[in-house]
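Chain letters run A, B, ... following the sequence lines, proteins first, then strands; residues in each count from 1.
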Protein chains: 2
Amino acid sequence: MSDRQQRGAQAAEIAERLRDEIVSGAIEGGARLGQDALAARFGVSRMPVREALRLLEAQGLVDVPPNRSAIVARLSKDDLLDIFDMRAAAEPLALGLALPHLTNARIDRAAEIQRDIENAPLDRFGDLNAAFHRTLHAPCGRPRLLAHIESLNALADRYLRLAIGTMDHQGPSDAEHRDLLEACRARDEARARAILTAHIVRARDALAAAFEDASS
Amino acid sequence: MSDRQQRGAQAAEIAERLRDEIVSGAIEGGARLGQDALAARFGVSRMPVREALRLLEAQGLVDVPPNRSAIVARLSKDDLLDIFDMRAAAEPLALGLALPHLTNARIDRAAEIQRDIENAPLDRFGDLNAAFHRTLHAPCGRPRLLAHIESLNALADRYLRLAIGTMDHQGPSDAEHRDLLEACRARDEARARAILTAHIVRARDALAAAFEDASS
DNA sequence: TCCATGTATTTTGGATACATTTTTCTGATA
DNA sequence: TATCAGAAAAATGTATCCAAAATACATGGA
């Protein structure tokens with residue numbers, strides 16, 4: 001860990017870098033994550049590596065069976081449905097709670113991120129999309145709920161990256177984002193929640209179809 | 001760890017015992033969980049203790065600040081709302097997904113647990129209540145969703161134990177459970193979800209009121 | 001009396017070392 | 001050739017050791 005910040009942050013740093021590699025697909029599902037190999041790679045002992053693996057396990061990105069090497073969680077259609085249905089339950093809740101505290105300035109910030117999404121390269125879509133929704137959800141003031149949503153988004157990103165480019169997801173998504181912003185500006189909670197739910201459900205179905213194609 | 005099962009299970013065992021003590025209130029919010037003290041108490045080194053604390057942190061039961069002692073998460077009304085609103089989002093989803101796969105035999109098993117609830121002493125309510133709902137949710141076939149709900153139930157139990165006995169929660173809860181079973185027998189998804197949502201929201205409000213009283 | 005500063009103690013984070021389990025490799029046998 | 005047994009190798013789980021950080025405490029000053 002060349003640029004390690006300070007004592008007590010190594011595990012978090014390792015976890016973050018591994019998470020990026022897993023989410024981006026650089027490490028594929030089913031890959032073995034040996035503690036020794038990771039320790040050597042990051043230049044630390046196995047101890048912080050173990051903590052990092054536990055963190056990733058708690059987020060559902062790796063599986064850590066006792067006495068065996070950690071394995072990157074495999075992708076499956078059932079898992080995809082599991083994740084996206086949880087998002088469809090959690091994110092509208094956060095949005096609805098945030099709406100009364102949502103300032104116009106913040107909505108403008110989200111709109112700016114949406115403009116970035118429409119211009120930036122595809123491989124940045126995951127990050128920017130998460131930032132867009134996070135901007136709208138944050139004022140809900142529910143730390144556990146927000147952490148849960150972040151965790152789900154990391155899981156969802158793996159499926160998104162698989163399918164992105166192979167399908168026309170962008171067009172509908174951009175339109176839905178703009179509708180969502182409009183409903184937020186009008187402070188129309190019911191409509192905003194409905195749009196967000198439909199947004200996630202549509203993404204779920206599109207990705208599920210793309211995943212089936214890719215698996216066959 | 002006198003009765004430790006086998007290599008690799010110590011951390012999980014310690015976490016489970018600590019979780020029971022935290023949920024039951026034997027250890028109060030804000031209490032310091034020093035690694036050395038816990039290691040001595042369980043007769044192991046600090047290493048499995050550290051893993052156990054990480055597990056509990058992932059479940060939201062303890063806070064582990066860097067370079068400082070872990071402390072049991074404090075209870076607050078905001079946290080209570082956070083937890084119960086997430087339950088109200090997640091559990092009806094699981095129930096709705098489970099309903100098509102729910103057998104009459106399983107509904108009968110849930111009804112039996114409900115009878116136990118009505119007869120058993122109050123301090124068993126948390127466990128039995130969780131078992132009741134788990135029985136109805138399990139057939140949804142969504143491992144992540146079910147794990148999420150279990151985790152939320154552990155957090156919710158802390159608030160339940162605080163208020164139980166000081167309020168008349170049992171009567172309404174029993175009636176709602178019976179209504180829920182009836183809706184399940186009729187395979188009426190919309191009604192079952194509505195009852196469950198109302199059940200959780202009512203518990204949330206009752207506990208929030210009881211918590212405010214206790215805090216004042 | 002209260003607050004600030006410096007020191008000593010306590011406690012955590014990480015590295016190293018050892019024991020146990022799992023995995024892999026070898027070789028014999030059907 | 002395929003399969004199974006056993007041994008060697010590798011990897012994990014735990015204990016112990018050392019260093020860094022935080023807390024507690026004592027001392028001195030306003």
Would one find more than 12 heavy atoms of other residues, nucleotides or ligands at under 6.0 Å from atom [atom1] of [X]?
X	atom1	value
B:E21	CD	yes
B:E16	CD	no
A:E28	CD	no

What is the distance, to the nearest angstrom, from the [atom1] atom on [X] to the [atom2] atom on [N]?
X	N	atom1	atom2	result
B:E57	C:dG13	CD	P	10 Å
A:E13	C:dG13	CD	C1'	15 Å
B:E51	D:dT12	CD	C1'	11 Å
A:L53	D:dA11	CG	P	14 Å
A:I14	C:dG13	CD1	C1'	12 Å
B:F42	D:dA15	CZ	P	13 Å

**Request:** State whether B:S69 places a side-chain N or O below 4.0 Å from either non-bridging phosphate oxygen (OP1 or OP2) of D:dA22.
**Result:** no

**Prompt:** Hey, does the side-chain of A:R7 have a donor or acceptor N/O within less than 3.5 Å of a partner on the base of C:dT12?
**Reply:** yes

**Message:** Counting only side-chain heavy atoms from C-beta out, which of C:dT12, C:dT20, D:dA11 sits nearest to B:Q35?
**Reply:** C:dT12

**Request:** Scan A:N67 against the nucleic acid and name what it touches under 4.0 Å (heavy atoms): base, sugar-phosphate only, or nothing.
**Result:** sugar-phosphate

Are there any protein N/O atoms within less than 3.5 Å of an N/O atom in nucleotides 15-17 of chain C, and if so, which ones and at what distance?
from   : atom 1 : to    : atom 2 : distance (Å)
C:dA15 : OP2    : A:S45 : N      : 2.8
C:dA15 : OP2    : A:S45 : OG     : 2.5

**Item:** Heavy-atom closest pair, residues B:P48 and B:A11
**Value:** O-CB, 3.7 Å

**Request:** Ignoring hydrogens and angles, state whether a donor on the side chain of A:T135 or A:R109 is under 3.5 Å from an acceptor on the partner side chain.
**Result:** no

**Message:** Both B:L33 and A:R68 contact DNA chain C. Which one's nearest nucleotide lies toward the 5' end?
**Reply:** B:L33

**Asked** What class does the angle between the rings of A:H133 and A:H177 fall in, given that below 30° is parallel, 30 to 60° is tilted and above 60° is perpendicular?
**Response** perpendicular

**Message:** Going by side-chain hydrogen bond (donor to acceptor under 3.5 Å, both in side chains), A:Q59 matches just one of A:E150, A:R54, A:R19. Which one?
**Reply:** A:R19

